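In this text the structure is predicted, and so the values were computed from the model without any measurement.
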Amino acid sequence: MQVYGTHINSRLLLGTAQYPSPAILGKAVKASRADIITVSLRREAGGDQHGQAFWNLVREMGVRVLPNTAGCHSVKEAVTTAQMAREVFDTNWIKLEVIGDNDTLCPNVFQLVETARVLSEDGFDVFPYTTEDLIVAEHLLEAGCKVLMPWGAPIGTGLGLNNVYGLRTMRAHFPDVPMIIDAGMGLPSHAAHAMELGFDAVLLNTAVARAGDPVAMARAFAQAVEAGSMAHGADPMEARDMASPSTPVLGKASLG
């Protein structure tokens, strides 16, 4: 997978919030084989050095950091957070979240597009958390985004892929755009399903962090993503309404 000119080996991206301990987080990231982890700016402070232990742990993991603008609700707030994140984490990559509703954590797609345009013009490589709406996707691409991150379901719900038709349509409509399913995954089977639909990667956090055994769950998701990607590449059979025998009946002996 290529994103913004960078080759990515793993198709599983992992969030870093809500883990029982930093040690378990480190083991889960290793088990997931993720190349990229997302980090909220609120976990790292600049001047007073709070959060340095966490930042040191991230460095020791040897993975690429994708800062996010989690919790931002406006263009100004998201742009300011992104600029601060660039200074703290020394990267132009930013996972852009502009939340429009606190109950569903649905993105405010109008302000999302405007923020993406501002950040792209400022030299950021924007990873926008969006819906599966095709028109919004068009505007995000026009704003400078070279990757799209449609949600599977609202953040933290674990519902899987709520709108399979919409996601399948989006994938078909933009065949050459890297797409990462972001949010809503609860089970490894959900991640495998996303990959079977042809998506390039899956980003998740809560399903691993809040599992009874985060390390085992991280490993399970890694295997599911790999299996789903291989299945898609193998050109799977299409579902059909009528039964079809797997054993040929031609030449069957007649006992009548």
Side-chain angles (χ1 to χ4, degrees), residues 3-4 13 15-17 36-43 65-89 91-157 159 161-163 165-185 194 199-206:
V3 287
Y4 289 107
L13 289 71
T16 56
I36 300 172
I37 60 173
T38 62
V39 178
S40 170
L41 181 66
R42 289 164 179 78
R43 285 178 165 271
V65 172
L66 175 60
N68 67 40
T69 62
C72 292
H73 291 76
S74 68
V75 175
K76 182 178 180 180
E77 188 179 9
V79 168
T80 300
T81 302
Q83 292 171 339
M84 293 171 63
R86 179 162 60 183
E87 293 297 320
V88 171
F89 298 109
T91 178
N92 287 325
W93 280 19
I94 192 73
K95 181 193 170 191
L96 179 59
E97 296 182 25
V98 185
I99 301 302
D101 180 77
N102 287 328
D103 290 329
T104 64
L105 299 180
C106 181
N108 183 329
V109 295
F110 303 100
Q111 296 199 48
L112 177 69
V113 171
E114 179 57 26
T115 308
R117 179 175 292 106
V118 172
L119 292 177
S120 295
E121 292 174 353
D122 192 26
F124 283 91
D125 296 329
V126 180
F127 294 68
Y129 162 64
T130 183
T131 66
E132 65 275 23
D133 188 287
L134 298 183
I135 307 305
V136 174
E138 290 276 11
H139 284 290
L140 286 169
L141 296 174
E142 291 171 359
C145 298
K146 291 181 171 50
V147 60
L148 296 171
M149 301 181 70
W151 63 351
I155 295 172
T157 61
L159 293 172
L161 305 182
N162 267 1
N163 184 0
Y165 169 79
L167 290 170
R168 183 185 287 115
T169 302
M170 188 179 195
R171 176 70 281 181
H173 195 74
F174 304 100
D176 300 321
V177 177
M179 288 191 195
I180 302 168
I181 292 292
D182 179 16
M185 302 293 97
F199 285 88
D200 297 284
V202 170
L203 193 163
L204 55 95
N205 187 160
T206 310

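The two residues Thr81 and Cys72 make their nearest non-hydrogen contact at OG1-SG, 3.4 Å. Looking at every heavy atom in both residues, Ala194 comes nearest to Val202 through CB-CG2, 4.0 Å. Pairing each heavy atom of Thr38 with each of Thr16, the nearest pair is O-OG1, 2.9 Å. Of all heavy-atom pairs between Glu77 and Gly71, the closest is OE2-O, 3.8 Å. In terms of heavy-atom proximity, Ser40 sits nearest to Asn68 at CA-OD1, 3.5 Å. Considering all non-hydrogen atoms of both residues, Leu13 and Ile180 come closest at CD2-CD1, 4.2 Å.
Formation of a donor-acceptor pair under 3.5 Å by the Asn205 side chain with backbone atoms of Ala17 is found in this model. No side-chain donor-acceptor contact under 3.5 Å links Glu132 to the backbone of Pro150.
Taken to the nearest 0.5 Å, the NZ atom of Lys146 stands 9.5 Å off from the CG atom of Leu141. In this structure, CD1 in Ile155 is found 9.5 Å from SG in Cys106, a value given to the nearest 0.5 Å. Here the CE atom belonging to Met170 is positioned 7.0 Å from the CZ atom belonging to Phe199, to the nearest 0.5 angstrom. Separating the CG atom in Leu140 from the CG atom in Leu148 is a distance of 6.0 Å, to the nearest 0.5 Å. The structure places OG1 of Thr69 at 12.0 Å from CD of Gln83, a figure rounded to the nearest 0.5 Å. The OG atom of Ser120 lies 9.0 Å from the CG atom of Leu96; values are rounded to the nearest 0.5 Å.
Applying the side-chain hydrogen bond (donor to acceptor under 3.5 Å, both in side chains) test to pairs two or more places apart or on separate chains, those with a residue in residues 99-108 are His73-Asn102, Asp101-Thr104. Residue pairs meeting the salt bridge (Lys or Arg N to Asp or Glu O under 4.0 Å) criterion with at least one partner in residues 175-185, sequence neighbours excluded, are Lys95-Asp182. Pairs engaging residues 94-146 under the ring pair (Phe, Tyr, Trp, His ring centres under 6.0 Å) rule: Tyr4-Phe127, Trp93-Phe127 [sequence neighbours left out].
Taking the side chain as every heavy atom from C-beta outward, Leu119 and Ile94 approach each other to under 4.5 Å. In this structure, the side chains of Asn162 and Pro154 come closer than 4.5 Å at one or more pairs of heavy atoms. Thr91 has its side chain out of reach of Val65: every pair of non-hydrogen atoms, C-beta onward, lies at least 4.5 Å apart. Residues Leu159 and Met185 have side chains not in contact (no heavy-atom distance under 4.5 Å, counting atoms from C-beta outward).
For Asp200, the side chain to side chain contact (heavy atoms under 4.5 Å, CB included) criterion is met by Met1, Arg11, Arg171, Pro178, Met179, not counting sequence neighbours. For Val118, the side chain to side chain contact (heavy atoms under 4.5 Å, CB included) partners are Val79, Glu114, not counting sequence neighbours. Remark: Asp122 engages Arg86 in a salt bridge (Lys or Arg N to Asp or Glu O under 4.0 Å) (not counting sequence neighbours).
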Inset, instruction - I would like to know whether Val75 and Val98 meet side chain to side chain contact (heavy atoms under 4.5 Å, CB included); could you show each step before the answer? - result: CA-CA 7 Å; Val75 175; Val98 185; 5.9 Å; no
